[in-house]
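Notes follow the structure.
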Amino acid sequence: MALEKITEVSGRGVTVAGDEIDTDRIIPARFMKCVTFDTMGDYLFYDVRKNEDGSDKKHPLNEERYQGASILLTGANFGCGSSREHAPQAIYRYGFRGIIAESYAEIFFGNCTTLGIPCFIAAKEDIAKIAAAVEADPSIEITLDVENEKIGFGSESVTAVIRETAKKALVAGKWDMIGELKEAETEVSSVAAKLPYMAK
C-alpha cells in the first residue's frame with residue numbers, strides 16, 4: 001500500500017514555549033519501557049504537565065481551549081538531547097501532525113519526517129505572530145503548505161522553510177523507509193533469491 005503524499009497539514013495550534021526542549025522533557029525515560037509506541041502520547045511532556053500524584057499542573061496542553069490541537073509551536077533546537085525515537089512517537093501519538101519551530105535537533109527532525117510529521121522552520125517573530133493569533137482565538141486554523149513552504153493562519157500567512165529532502169519525501173509519499181521496503185517486498189524477495197549467500 002502506497003504511503004500518503006503529505007502536501008498540506010491543517011489544524012488548530014498550541015504553543016509550548018521555550019528553547020532547547022530536549023527529548024527527556026518531551027518523553028521522560030521511565031516511560032520508555034513499552035513494547036509498542038501506542039500509549040506514548042499519554043506521557044508527552046509528562047513531568048511538566050503532571051504532579052507526582054498525577055494531577056494536572058498549569059501547562060498549555062492541559063488547557064481545555066487547546067484540546068484537539070494538532071499543530072505544535074515551539075522555540076529553537078527543539079528535540080535536542082538523546083536520539084530516542086520515543087519523543088517524536090509521543091508527539092505523533094498525542095495527535096500532533098505538524099510542528100513549527102525556529103530549529104530542530106538533526107536526529108529528532110529525521111525521526112519526525114519518517115512519521116510523516118512536517119517540521120517547519122520559521123523566524124522567531126513569525127512564530128510569535130502565529131502564537132499570538134492562537135492565543136487570541138484557539139479555534140483559528142493553521143495550514144502548513146509543504147509544497148509552497150508557507151504557513152497560513154486565519155487571513156494571514158508567513159513564509160517558512162522545510163528542508164528540501166524532507167519536503168521531497170513528504171510530497172512524493174516516500175517519507176517512511178520501512179514502509180517503502182514493505183511496499184517493495186516482492187521485488188526484495190526476487191533480488192534476495194538470486195543472491196548466493198541468501199540461498200536456502
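Remember, predicted model here, so these are calculated numbers, not experimental data.
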Margin query: For Leu170 and Ile162: C-alpha separation, side-chain torsions, deciding distance, then whether side-chain contact (heavy atoms from CB on, under 4.5 Å) applies.
Written below: CA-CA 10 Å; Leu170 291 166; Ile162 182 164; 3.7 Å; yes

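- Residues Leu115 and Ile26 fall within the same hydrophobic cluster, defined by Ile, Leu, Val, Met, Phe, Trp and Tyr side chains chained together at heavy-atom separations under 4.5 Å.
- Atom NZ of residue Lys167 and atom OG1 of residue Thr7 lie 11.5 Å apart, to the nearest 0.5 angstrom.
- The line from CD of Gln89 to OH of Tyr92 is 8.5 Å long, rounded to the nearest 0.5 Å.
- Just one residue in the list Phe108, Tyr43, Phe37 forms a ring-ring contact (aromatic ring centres under 6.0 Å, His included) with His86, and that residue is Phe37.
- Looking at every heavy atom in both residues, Leu61 comes nearest to Tyr94 through O-OH, 3.5 Å.
- Counting all heavy atoms, side chain and backbone alike, Ile6 lies closest to Pro118 at CG2-CG, 4.0 Å.
- Put simply, the side chain of Lys150 does not reach to within 4.5 Å of the side chain of Val158, judged on heavy atoms.
- Take Asp19 and apply the salt bridge (charged side-chain N to carboxylate O under 4.0 Å, His left out) test, not counting sequence neighbours, and it matches no residue.
- For NZ of Lys57, the number of neighbouring non-hydrogen atoms (other residues, nucleotides, ligands) closer than 6.0 Å is greater than 12.
- A salt bridge does not link Asp56 to Arg49: none of the charged side-chain nitrogens sits closer than 4.0 Å to a carboxylate oxygen.
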Next item on the list: Give the intermediate values and the outcome of side-chain contact (heavy atoms from CB on, under 4.5 Å) for residues Arg163 and Ile121.
Entry: CA-CA 8 Å; Arg163 294 179 195 172; Ile121 300 165; 4.3 Å; yes

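- Around the CD atom of Glu64, the shell of radius 6.0 Å holds no more than 12 heavy atoms that belong to other residues, nucleotides or ligands.
- The number of heavy atoms from other shown groups lying within 6.0 Å of NZ (Lys5) does not exceed 12.
- Taking each heavy atom of Gly98 and Leu144 in turn, the nearest pair found is CA-CD1, 3.8 Å.
- No donor-acceptor pair under 3.5 Å is formed between the side chain of Asn51 and the backbone N or O of Asp53.
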Next item on the list: Evaluate the salt bridge (charged side-chain N to carboxylate O under 4.0 Å, His left out) criterion for residues Arg93 and Asp38: first the C-alpha distance (whole Å), next the side-chain angles of each, then the deciding distance (0.1 Å), finally the verdict.
Entry: CA-CA 7 Å; Arg93 303 292 173 169; Asp38 295 346; 3.6 Å; yes

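- Side-chain atoms of Asp126 never come within 3.5 Å of backbone atoms of Ala160 as a donor-acceptor pair (strictly under, hydrogens ignored).
- In plain terms, the two heavy atoms of Arg12 and Ser139 that are nearest each other are CD-CA, 3.6 Å.
- Here the closest non-hydrogen pair linking Ile127 and Ala101 is CD1-C, 3.5 Å.
- Summarising the local packing, CD1 of Ile140 is surrounded by more than 12 heavy atoms from other residues, nucleotides or ligands at distances under 6.0 Å.
- One distance of note links SG of Cys112 with CD1 of Ile99; it measures 4.0 Å at 0.5 Å rounding.
- Atom-to-atom distance recorded for Phe45:CZ and Asn62:CG is 11.5 Å, nearest 0.5 angstrom.
- For the atom pair CD1 of Ile142 and OG of Ser157, the computed distance is 13.0 Å after rounding to the nearest 0.5 Å.
- Here Asp47 contributes atom CG and Ile27 contributes atom CD1; the two are 9.0 Å apart, rounded to the nearest 0.5 Å.
- A donor-acceptor contact shorter than 3.5 Å is absent between the side chain of Trp175 and the backbone of Ile117.
- The shortest distance between side-chain heavy atoms of Ile151 and Lys129 does not fall below 4.5 Å.
- Glu8 approaches Val146 most closely through the heavy-atom pair N-CG2, 4.2 Å.
- Proximity of Thr39 to Phe31: side-chain heavy atoms (C-beta onward) are nowhere separated by under 4.5 Å.
- Between the side chain of Tyr104 and the backbone N or O of Phe120 there is at least one donor-acceptor pair closer than 3.5 Å.
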Side-chain donor-acceptor pairs under 3.5 Å in residues 68-83, sequence neighbours left out?
| unit_1 | atom_1 | unit_2 | atom_2 | d |
| --- | --- | --- | --- | --- |
| Thr74 | OG1 | Val16 | O | 2.8 |
| Asn77 | ND2 | Glu20 | OE1 | 2.8 |
| Ser82 | OG | Thr23 | OG1 | 2.9 |
| Ser82 | OG | Arg84 | NE | 2.9 |

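- Gln67 places a side-chain N or O within donor-acceptor distance of the main-chain N or O of Glu63, the cut-off being under 3.5 Å.
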Next item on the list: Start with the C-alpha distance between Val134 and Tyr66, add both sets of side-chain angles, then the distance that settles side-chain contact (heavy atoms from CB on, under 4.5 Å), and finish with yes or no.
Entry: CA-CA 9 Å; Val134 169; Tyr66 297 126; 3.8 Å; yes

